[in-house]
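Numbered from 1 within each chain, the chains take letters A, B, ... in sequence-line order. None of the values given here were measured: they were computed from a predicted structure.
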2 protein chains.
Amino acid sequence: MTPARTPTGTAPTRGRRPGRSTGDDREVAILATAERLLRQRPFGDISIDDLARGAGISRPTFYFYFPSKDAVLLTLLDRVTEEANTAAGDVLVRLAEDPRARWRELIARFHATFGGHRDVVLACAQVRGTNAEVRRLWAEVLERWVRAVEAAIEGERARGAAPDGLPARDLAIALNSMNERVWYATFAGDGPAVAERDVVDVLLDVWLTAIYRTTTPPVSPSA
Amino acid sequence: MTPARTPTGTAPTRGRRPGRSTGDDREVAILATAERLLRQRPFGDISIDDLARGAGISRPTFYFYFPSKDAVLLTLLDRVTEEANTAAGDVLVRLAEDPRARWRELIARFHATFGGHRDVVLACAQVRGTNAEVRRLWAEVLERWVRAVEAAIEGERARGAAPDGLPARDLAIALNSMNERVWYATFAGDGPAVAERDVVDVLLDVWLTAIYRTTTPPVSPSA
DNA sequence: ACGCCAGTCAACACCATGTCGAGTGGAATC
DNA sequence: GATTCCACTCGACATGGTGTTGACTGGCGT
């Protein structure tokens, strides 16, 4: 049903149809409007007309820049996940130096990134249920992190710092899932939630005990 | 904006306006239709007209029985959470007998209940983003379980089976959150997920290590 | 001086939700 | 056995959001 997007050979920019030109600022105006409105009310309560008017254009013109409301959110999400990936950096490759500190750094950086864009993250969590595209992108992103953590766990087991146990992938999925849900509750503030001040340490504790069976994993090889 | 519901003093039955009579079967027909359709397509793709026609009534008549589409789902959710609470039973009070077995029983029972109604659970997860009522009910239910787990953890610490550590409530929140998200992924099958066959044992492992620092907690008091 | 095309929008078609008001039929009451 | 009442029903309408169409504009290259 959806017409084939990105007709010419440009990268899938998600937003605007290919060949750019003057109206570049309109596109950023829409994105900025979306971020601003998301700070005020939930995504579902924002209409395309709101976004268009906020960017100083009419509703039909909006469709010139984005194929749908969800596409705007998707673009926003892209930015956030990219920022998160950058923030995470190569922390996991230097795990052996000081496992506890490194894991904490990883979790804290994600926390900072998501916390800094909580409105976007929350909105994505909300539409994930209804939008297959968001679901797909998020799944991709998660998969990447799961793989990184899986590899790190296997590394720690190989150097004798962590005991064998669950398949590393399953453990990585469970821990990443926990973080996602706990952050969601903390940022959204609905239902039982960990206080924002404590959330990093709470998550860290569960990660360490699940991976190492202790909250003070060994720094140097021990096996 | 929403008019005060349940005008006369009946319990908040969520569905039908008070004073029941013949049309009782229509109400169950709507609920049955909802469950049937949820097995075929996502909640968002089911219109009120679909529910009405499925139950053999017209759309306006639907509103005689339920104030909205979401209210139908809410009724379905009520049933499931009630079933889950029953299934959980008093497992946690007999923890000391055999902690590992009891915790596993708890997780396995929830798994069975949710798995048996995965369509309803999935639908709820999807509308939680957009419907405050569902969010509230789910928060309530979660809070109840969090409290139960929190108390159990404190009990295990008191009898010397579990070491001190994170505030019991924070730990309970994190673990319950993890379960919710992991089950969601497993049942929905989107994104990285633990195989359904393994999910109970994976979750159990993280619970035990987080609570006891070991997967084989002591049966009798040890302190 | 002209054609092209990125950019723009009024007007329209569509669909789902929710409401209103006019029914209808069976049980209780007179 | 007529009458009233009310649970229950639905046709028709109002509303509000989405997505599309087709015509228009203005700058830029030829």
Could you state the [atom1]-[atom2] distance from [X] to [N], rounded to the nearest angstrom?
X: B:Asp70; N: C:dT17; atom1: CG; atom2: C1'; answer: 12 Å
X: A:Phe62; N: C:dA6; atom1: CZ; atom2: C1'; answer: 18 Å
X: A:Tyr63; N: D:dT21; atom1: OH; atom2: C1'; answer: 13 Å
X: B:Arg59; N: D:dA12; atom1: CZ; atom2: P; answer: 13 Å
X: A:Asp25; N: C:dA6; atom1: CG; atom2: C1'; answer: 13 Å
X: B:Ile30; N: D:dC8; atom1: CD1; atom2: P; answer: 12 Å
X: A:Tyr65; N: C:dA6; atom1: OH; atom2: P; answer: 11 Å

Partners of A:Ala125 by side-chain contact (heavy atoms from CB on, under 4.5 Å), sequence neighbours excluded?
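Result, side-chain contact (heavy atoms from CB on, under 4.5 Å) vs A:Ala125: A:Tyr184.
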Which nucleotide in the list D:dC8, C:dT8, C:dT17 gets nearest to the side chain of B:Phe64?
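From the listed options, D:dC8 comes nearest.
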Among D:dC10, C:dG18, D:dT21, the nucleotide that comes nearest once only the side chain of A:Pro60 is considered:
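The answer is D:dT21.
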Report the residues that fulfil salt bridge (charged side-chain N to carboxylate O under 4.0 Å, His left out) with A:Asp49, sequence neighbours left out, ordered by chain and then residue number.
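Counting only residues at least two positions away or on another chain, A:Asp49 forms a salt bridge (charged side-chain N to carboxylate O under 4.0 Å, His left out) with A:Arg53.
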Can you name the residues that form a salt bridge (charged side-chain N to carboxylate O under 4.0 Å, His left out) with A:Asp201, not counting sequence neighbours?
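For A:Asp201 the salt bridge (charged side-chain N to carboxylate O under 4.0 Å, His left out) partners, ignoring immediate neighbours, are A:Arg104.
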Between B:Val80 and B:Glu83, is any pair of side-chain heavy atoms under 4.5 Å apart?
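A side-chain contact under 4.5 Å is absent here.
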Selection residues 175-186 of chain A - residue pairs positive for salt bridge (Lys or Arg N to Asp or Glu O under 4.0 Å), sequence neighbours left out
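Listed by first then second residue: A:Arg128-A:Glu180, A:Glu180-B:Arg181, A:Arg181-B:Glu180.
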All side chain to side chain donor-acceptor pair (under 3.5 Å) counterparts of B:Glu140, not counting sequence neighbours:
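Here the qualifying residues are B:Arg136.
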Let's see if you get this right: which residues in residues 45-58 of chain B place a heavy atom under 4.0 Å from DNA chain C?
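Those residues whose heavy atoms fall under 4.0 Å from DNA chain C, taken from residues 45-58 of chain B in numerical order, are B:Ser47, B:Ile48.
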